[in-house]
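Have a look at the structure below before the remarks.
Atoms within each ligand, like the ligands themselves, are counted from 1 in listed order.
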Amino acid sequence: MQLYNKLSANERAELIKQAGKERLTLSFYQYAHISNPQEFRDQLFIKWDSLDVLGRIYVATEGINAQLSLPADHFEAFKNHLDSIDFLKDVRLNIAIEQDNMSFLKLKVKVREKIVADGLNDDTFDVTNKGVHLSAKEFNDMLDNPNTVCVDMRNHYESEIGHFDGAVTPDVDTFRESLDIIEEDLRDHKEDKNLLMYCTGGIRCEKASAYYKHKGFKNVYQLEGGIIEYTRQVNAEGIENKFIGKNFVFDERRAEKISDDVIAKCHQCGKPCDTHVNCANDACHLLFIQCEDCKTEMDNCCSSTCKDIHALPYEEQKALRKGQGNSNDIFKKGRADHLPYKKDLRNIFETLKK
Ligand SMILES: [Zn+2]
Ligand SMILES: [Zn+2]
């Protein structure tokens, strides 16, 4: 029995093209107690592989976090399968705002220690003791409340291209860093301020809200279903949209447009631009924002050094990399001194002083 992905991304892309079927991109998560994650993982892989599901799924003893795509006409069978699993019955599915048949090109179901890399010791607090969930309308009202501090729980490269109007966007590389900074900055306001949080699909806030309640915060709120569900409600119910720019997503699409505003700049020339790319030098692969002009001028690279290396014959590049350990991670945390227009994000203190 096949338990792992066998096709390359290119082979898969070709198959999707040939099939010519419309695919649906969606995500969901659920905190639950899974006693044997490996066994659960294998069951999921076998079933979902048979339904032509592609995506990145994490399974842990604390639950499941799934981002995937599937042929639209397999949706019912997929939904029935989810409903047959106790803790996934009627789980909220976040359907992507902008669809793309090529959003995922492999099925990867991985057993991890956590479904969100949080750097926390789970035994110290109860993740099910979460904050108050808010709908889009309720979130907007809370955002307007002068006693509210709204915090973006995502990382710097996510909030740089889009965030809620008036939100604090911590300049962090990891969720863990965010947790500490927010706690420290709001130390004297645990009881008098409303702590209002949001993230992409809700999973990070689920944990963060439980964490802050555990730390003594009295008024903890989170946007139910994150930016994705917020946008769905805004469109379906004609509610005012308070999110400006793009929603960063963790698949081949990179981002979904939520409003027409372009709030970021090309990191190389400063022109308005909110398109993330990875440096074409395989040994660098830095994630950064680059406009079309700079892309041409820099040959898809982040620096002239990378441009020079990228121009070398492939064998020479490989020889250069030897022994250097190339992390081919597209979400490499991009902070490079040679990118003059990388934005410094706002911290909480500035907001409190206003
Ligand atoms: Zn540029
Ligand atoms: Zn580079």
message = Below 2.8 Å, can you find an N, O or S atom of Cys291 next to the Zn ion (ligand 1)?
response = yes
request  = Please determine if Glu76 and Lys79 form a salt bridge, counting it only when a charged side-chain N lies under 4.0 Å from a carboxylate O.
outcome  = no
request  = Check the pair Met197, Tyr212 against side-chain contact (heavy atoms from CB on, under 4.5 Å), reporting the backbone distance first and the verdict last.
outcome  = CA-CA 11 Å; Met197 295 180 286; Tyr212 289 125; 3.9 Å; yes
key: the Zn ion (ligand 2) reached by Cys302 (N, O or S, under 2.8 Å)   = yes
ask   = Do any N/O/S atoms of Cys301 come under 2.8 Å of the Zn ion (ligand 2)?
value = no
key: Apex the Zn ion (ligand 1) - arms SG from Cys269 and SG from Cys294 - angle rounded to 10°   = 110°
key: Option passing salt bridge (Lys or Arg N to Asp or Glu O under 4.0 Å) with Asp52 (candidates Lys21, Lys47, Arg12)   = Arg12
ask   = What's the shortest heavy-atom distance between Met153 and Cys205, and which atoms?
value = CG-SG, 3.9 Å
